[in-house]
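Written below as structure tokens is the structure these notes are about.
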Amino acid sequence: MSEIPKHYDPQSAQQEWFPFWEQRGYFNADPGTGKPPHTIMIPLPNVTGALHMGHALNGTCQDLITRWRRMQGYEALWMPGTDHAGIATQAVVERRMLEEEGLTRHDVGREALVNRIWKWKEVYEKRIVSQQKSFGASCDWRRIRFTLDDVCAKAVRHTFFKMFRDGLIYRGKRLVNWDTFLQTAVADDEVFEEDIDGHFWTFNYPVVDESGAPTGELIRFATTRPETMLGDTAVCVHPTDERYTALVGKSVKIPVNDRVIPIIADALLADKEKGTGAVKVTPAHDPNDYACYLRNPHIGIINILNPDGTLNEYGQEWEGIDRLAVRDKVIEKMSNLGHFEGVEDRRIPLKHSDRSKTPVEPYLSDQWFVKMDDHADGKPGLAQMAMDAVEDGRVRFFPSRYAKTYLDWLGEKRDWCISRQLWWGHRIPVWTGKMHEKGFMNLLVGEPSGNPDSKALQAIDAKAEVKVNYSDGSSDSEETSGTRVVDANSIRDVTFQTVSRDGETWILACVDDGHPELEAKLEAAGFEQDPDVLDTWFSSALWPHATLGWPDIDHNPPLNEEELAKQTASPSTVDLQPSTENTVLNTFYPHETPADGNHSVLITSRDIITLWVARMVLTGLYNMRDIPFRHVHVHPKILDGFGQTMSKSKGNGVDPLDLITKYGADAVRFSIASFAGETQDVRLPISYECPHCETLIPPKLYKLGAMTVVVPTTLKGEFPVPQGQPKPTLACTNKKCKQESQFSTPLYDPEPNQPVAAVVSERFEYGRNFCNKFWNAARFAMMNLEGYQPGEVTADQLQLEDQWILSRLSTVAHQMNEYLSRYQFDAATRAIRDFTWNEFCDWYLEMIKPRLRKKEGAEQSEERAVAQRVLLAVLDSLVRLLQPFTPFICEELWQRLKEIAGERALPNASADANAAVLTPQACADSVVIANWPDVPRSWQDESLEKRFAQLQDTIIAIRNVRAIYNLPPGVPVKLLMRTTPDVAQEMQSVASQFDNLTKAVLEAAGADVERPSGSASFSLGNADGFIPLEGLIDREAELARQQKEADTLRKHIKGHEGKLNNESFTAKAPAEVVEQVRETLAGLKKQLQSVEEIIEDLS
RNA sequence: GGUCGCGUAGUUCAGUUGGUUAGAACGCCUGUCUUACAAACAGGAGGUCCACAGUUCGAGUCUGUGCGCGACCACCA
């Protein structure tokens, strides 16, 4: 057996077994197998870039649950895919294009840009998939989807159409975060705040009378954005502010453009305590001012900006100039006109676009919205439907506290802005044009004479009624008078709303998927398609049913041929031919009733509970009339050692692939699982690894302007790097190395072909060490299988240690199910690790060594055979129990074991008490598809475990003595035990283990054993042990040791006595608790008595 | 400002419904290359469970307040 290496080699196992699993189709999940379905939908990674630690944690949890359920006999689907991530991806491609070629998107045009992004997507999707596979992700890769592929596009288009038809989608105005660089609106969550050094200017506006002549009064106000005064439409004060009461209703003149605007009172906008108490109102460029405008619509609204951030015609002489340049001009002009009062420096929190890193402008624009509130007739709207699903328990959160995040957010019922001014994404399927003179429907289906239905269609045009009239302020009263919705039953593929603008009626026509002829007709009639695309979350919200082929109900969704080709032989017995119904959707989309055995869980991070989880529930209920998952598990977030979020821009991110290379996929998975508990955050302290000698150099925080980045403590040099100067390095702290090297940082790109210190974390040694331990345990077993014959094992053949390990195995196997079903990965990991290492390796393997060495004689060989069979049974169960955590090492061991011991004795779950405990069975072709261990609960024996613990305590005490007296391991000692007859008998029966485990020869055990002089002693609760060490004993040291022990005991005795002397304790505490304290006290007193006797002896 | 979470050994974390002498891993100290494993084995040291108050016979655990840290949401003339 010398060919089994001493160390587990993760890289070769990873290379060998993943293709093996794929080729055999083990990860495939298909309808019609008769197994209960289990569904996990992957939280879509963006195609923007590489995977990070968050993905690694997220993926590990999902793979664990999927592999566990698969072994339990579920048809376990883990659906993979990627997200087109509109803004993020377009921004990254645009930025690269600008940097490398100096081109903007307007230079290349819509089609060319989209083509470039598709190319980017192909590269990055491949990379992401290969990263996931290197982790061992057991997704059904044949089913991989992309949010822009045809299947998803159809779902998106149809959902939009349905919502539009149902009056749930409307067009309105909103003040958005406008990215002037990318020229698009960005969502609130795509904006980050950064404090910048700015100024706070104070100006005044002159109050004027009705003829426009100055009255001599002035209103003073302060602003951080003077240029917006060009768009002011009012000055606002608090209604109860006596300083201004007399002025309300009068007007002021804006000196820079001579526009006269009213002075209004608004309690929500103005604050008496702040500044001068007066504030200028710029509705089109400030969210609060916009809200004020909605309350006071008579003041009007003026947009002064072009989409690129330059001023429009309202900028007058500054039209076409960037807003920031205009700021200085406005100040200068105000100053020249005598209305400038002062300036102070101030740190200003300024919103920046996450994508372009440029400041965003509040900007009023036309957007599309999904109505979230309840219907006018009181029926629950989308938000309420989604809230109900969680409130009545159809969807459950783990940990449950996250339900609050979900419910609070949905409870606001704020309309969902779904349009984005981008080119990369699902284009909004709405065409706008003027009302056709012969009616809209005729336009699409032809003249009345040529079409028998056209009369009916004209009637539809005529009776189109106003169904939704929203006056929540989202609409501009001048442009949109209301939304008209036709009764769309007769025309199923197009629906429209009418809008009156500039006295004319305009049609907003929405066309369902699959009708290019209708689109062509519209375009021929001068209709134009909306240039915007949909919010990325609109398509990802449909993920759970879109990927399963919805809205097609008459055939299954297509499989990915490239992935299919990787499978040489599909073991699936299921007919994959096209069916006449969508059995994939029917099988894997969850149902509300748990009785059908269907299980499903969404495993995700807390920051997208609102953006994604809530919206999946909402669209699931809307489209499928059923929830998209029964459980939502929210896992912790990984922070660095300073408690900061890991991110590329901070330089504290660990690359999972670096970890896999360094520690192996199994080790990384196992470590990750060990810290995936119910807490909110997990800290993962990082270090830099010297590329020359692998020494770890700790990090420190480094302030650079407003940014805080992470750098090595031994940083040499400074940031920012001055032109032409060498880049900063880290100095290795290893005295033998001392070399300097570049390090991974966002602040520079390393020089090519020079070594770079990577960011790593020592915490993954936990998993690596465990894998190696497990490997060696299996190696030991395989080295001791010489002459192994499969055969059953009966209860009477089991030794104490066999009974004990089987009892423990049963306990642990059941714990695993409990922990995993509650998504407590950390607890499950601890349980299996402790069992493997501390019980199986440290005790069981050590205890059976003598039996395995026995070779002579029939009796001996039977003893050996039993030991081998039990050993294999436990090892076999362990390989199965660990498979979801560490699949590669488990497959490697499974296959090796299969060669040596293809039939192993497995737990016999039979209820027959006389049946064998273990019966041999052939093992499966792969551990991935093996059965999850079903270990009988009846094996658990508490009293046996207690007796065993006594044996362990004795052995530890003997080893302690050996260590204190520095006795070499090979030197035997004598052992005398003073104890009750029954314990003495027990000791005698395991005497060989004293010898085996600690080279102690049990000379005597019984009640009348006396302590030999010159002995080291130890006292356990119900036994005292003596080890004669004539000549070796250090009387003083031994005395001191015993005194210390006695002191500890006295302290605890005092505590317990205190409790029992407290009458209210004995009166009020439960009897069993009091009894327990009494027992413990008695035990402690007995132990103290022994120790005191020993002390007396010694002195 | 609102909501949620966290504060336990040098470090990272466990600690079920309150109830034996508060645990683990890493690190540290002392031995050991003992025939599976030095990525290991054996032994050991190390804790006023953030503070104060309350509930209780009993608080690491429950309640309140304070301090420190973090996240999400809202806001910031």
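Since the structure is predicted, the reported quantities are computational estimates derived from the model, not experimental observations. Here is how names work: the chains are called A, B, and so on, in the same order as the sequence lines, proteins then strands, and each is numbered from 1.
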**Request:** Would you indicate what A:Arg683 reaches in the nucleic acid, counting non-hydrogen atoms under 4.0 angstrom: base, sugar-phosphate, or nothing?
**Result:** sugar-phosphate
Determine the contact category for A:Asp842: base if any of its heavy atoms lies under 4.0 Å from a base atom, sugar-phosphate if only primed atoms, P, OP1 or OP2 are that close, otherwise nothing. sugar-phosphate
Exercise. Under 4.0 Å between any heavy atoms, over every strand shown, what does A:Val682 touch: base, sugar-phosphate, or nothing? Just pick one.
Key: sugar-phosphate
Rounded to whole Å, CG of A:Asp681 lies from C1' of B:U12 at a distance of 13 Å
Any strand, both distances under 3.5 Å, Watson-Crick or G-U wobble: B:C41 pairs with B:G31
Side chain to side chain donor-acceptor pair (under 3.5 Å) with A:Thr282: of A:Asp232, A:Thr223, A:Thr233, only one passes, and it is A:Asp232
When rounded to the nearest 0.5 Å, the distance separating CD of A:Glu412 from CE of A:Met372 is 11.0 Å
query = Any chance the side chains of A:Gln993 and A:Asn996 put a donor and an acceptor closer than 3.5 Å?
reply = yes
| said: Roughly how many Å apart are B:G18 and B:U61, using the P atom of each and rounding to a whole number? | reply: 11 Å
Discussion item. Just to be sure I understand the rule, does A:Ala1067 reach a base, reach only the sugar-phosphate, or reach nothing, if contact means heavy atoms closer than 4.0 Å?
Written reply: nothing
Among the nucleotides B:C13, B:A14, B:A36, whichever has the atom closest to the side chain of A:Ala777 is B:A36
With the side chain defined as heavy atoms from C-beta on, A:Asn960 is closest, among B:C57, B:G44, B:A36, to B:G44
Next item on the list: Might you work through the salt bridge (charged side-chain N to carboxylate O under 4.0 Å, His left out) test for A:Arg822 and A:Glu818, ending with a clear yes or no?
Entry: CA-CA 7 Å; A:Arg822 293 198 296 261; A:Glu818 283 156 30; 5.2 Å; no
Quiz prompt | Spacing of the P atoms in B:G68 and B:G31 (rounded, Å) | solution = 46 Å
| said: Would you measure the distance from the C1' atom in B:C4 across to the matching atom in B:U11 and give it in whole Å? | reply: 26 Å
Checking B:A77, B:A71, B:C41 against the side chain of A:Phe200 (C-beta onward), the nearest is B:A77
d(A:Tyr663 OH, A:Glu762 CD) to nearest 0.5 Å is 7.0 Å
5'-most contact on RNA chain B (nearest-nucleotide basis), A:Lys404 vs A:Gly641, goes to A:Lys404
With the side chain defined as heavy atoms from C-beta on, A:Lys1068 is closest, among B:C57, B:G43, B:A36, to B:C57
If pairing means Watson-Crick or G-U wobble with both distances under 3.5 Å, then the partner of B:U48 is none
- Task: Scan A:Leu1084 against the nucleic acid and name what it touches under 4.0 Å (heavy atoms): base, sugar-phosphate only, or nothing.
- Result: base
Would you tell me if any nitrogen or oxygen in the side chain of A:Arg830 comes within less than 4.0 Å of OP1 or OP2 on B:G23?
no
Re B:U17: Watson-Crick or G-U wobble partner, both distances kept under 3.5 Å, found to be none
Of B:C57, B:G19, B:A77, the nucleotide closest to the side chain of A:Gln1076 is B:G19
query: What nucleic acid atoms does A:Cys771 come within less than 4.0 Å of, heavy atoms only: base, sugar-phosphate, or nothing?
result: nothing
Rounded to whole Å, CG of A:Asn769 lies from C1' of B:G27 at a distance of 13 Å
From the list A:Leu997, A:Leu1020, A:Thr998, side-chain contact (heavy atoms from CB on, under 4.5 Å) partner of A:Thr954 resolves to A:Leu1020
Check: Mind checking the P distance from B:C62 to B:U16? Whole angstroms is fine.
Finding: 9 Å
Any A:Lys6 side-chain N or O less than 4.0 Å from OP1/OP2 of B:C37
yes
Exercise for review: Check if the side chain of A:Glu846 and the base of B:A36 share a donor-acceptor pair of N or O atoms closer than 3.5 Å.
Suggested key: yes
Identify whether any heavy atom of A:Thr679 sits under 4.0 Å from a base atom; if not, whether one sits that close to sugar-phosphate; answer base, sugar-phosphate or nothing. sugar-phosphate
Practice problem: In whole angstrom, give me the gap between the P atoms of B:G60 and B:C69. | Solution: 26 Å
| task | Looking at every strand, decide which applies to A:Phe221 at a 4.0 Å heavy-atom threshold: base, sugar-phosphate, or nothing. | result | nothing
- request: Would you classify A:Arg225 as touching base, sugar-phosphate or nothing, given that sugar-phosphate means primed atoms plus P, OP1 and OP2, and contacts are heavy atoms under 4.0 Å?
  value: nothing
Atom CD1 of A:Ile4 and atom C1' of B:C37 are separated, to the nearest Å, by 13 Å
Quick one: is B:A36 close enough that its OP1 or OP2 comes under 4.0 Å of any side-chain N or O from A:Lys849?
yes
- Report which part of the nucleic acid A:Thr223 touches: base, sugar-phosphate, or nothing (heavy-atom distance under 4.0 Å, all strands). sugar-phosphate
A:Phe840 ring centre to A:Lys773 NZ or CZ under 6.0 Å, with the angle to the axis within 45°? no
Checking N1-N3 plus N6-O4 or O6-N4 for Watson-Crick, or N1-O2 and O6-N3 for wobble, each under 3.5 Å, the partner of B:A24 is B:U12
A:Arg401 has its side chain closest, among B:U12, B:G5, B:C37, to B:G5
ask   = Would you say a side-chain N or O of A:Asn772 is under 4.0 Å from OP1 or OP2 of B:A40?
value = no
**Study point:** Pair A:Lys650-A:Thr645, side-chain donor/acceptor within less than 3.5 Å
**Key:** no
Mate of B:A36 across any strand shown (Watson-Crick or G-U wobble, both atom pairs under 3.5 Å) is none
* Asked: Would you say a side-chain N or O of A:Thr1080 is under 4.0 Å from OP1 or OP2 of B:G19?
  -> no
Using the C1' atom as the point on both nucleotides, what is the distance between B:A22 and B:U65, in whole Å?
26 Å
When both distances are under 3.5 Å in a Watson-Crick or G-U wobble arrangement, the nucleotide paired with B:A59 is none
Problem set entry | Distance below 4.0 Å between A:Lys773 side-chain N/O and B:C41 OP1 or OP2 | yes
Item to complete: Taking only the side-chain nitrogens and oxygens of A:Trp837, find out if one of them lies under 4.0 Å from OP1 or OP2 of B:A39.
Response: no
- prompt: At under 4.0 Å between heavy atoms, what does A:Pro1070 touch on the DNA or RNA strands: base, sugar-phosphate, or nothing?
  reply: base
Review point. Taking atom P in both B:G58 and B:G19, what distance in whole Å separates the two?
Key: 14 Å
Between CG of A:Asp826 and P of B:C13 the distance, given in whole Å, is 12 Å
Assert: residue with more 5' nearest nucleotide on RNA chain B, out of A:Asp286 and A:Glu678, is A:Glu678
Mate of B:C72 across any strand shown (Watson-Crick or G-U wobble, both atom pairs under 3.5 Å) is B:G2
Side-chain atoms of A:Leu845 come closest, of B:C4, B:A36, B:G43, to B:A36
Need one value for A:Thr610: base, sugar-phosphate or nothing, where a base atom within 4.0 Å counts as base even if backbone is also close, heavy atoms only.
nothing
Interatomic distance, CD1@A:Ile638 vs CZ@A:Arg683, rounded to 0.5 Å, equals 13.5 Å
Side-chain contact check for A:Leu639: nearest option of B:G70, B:A25, B:C4 is B:G70
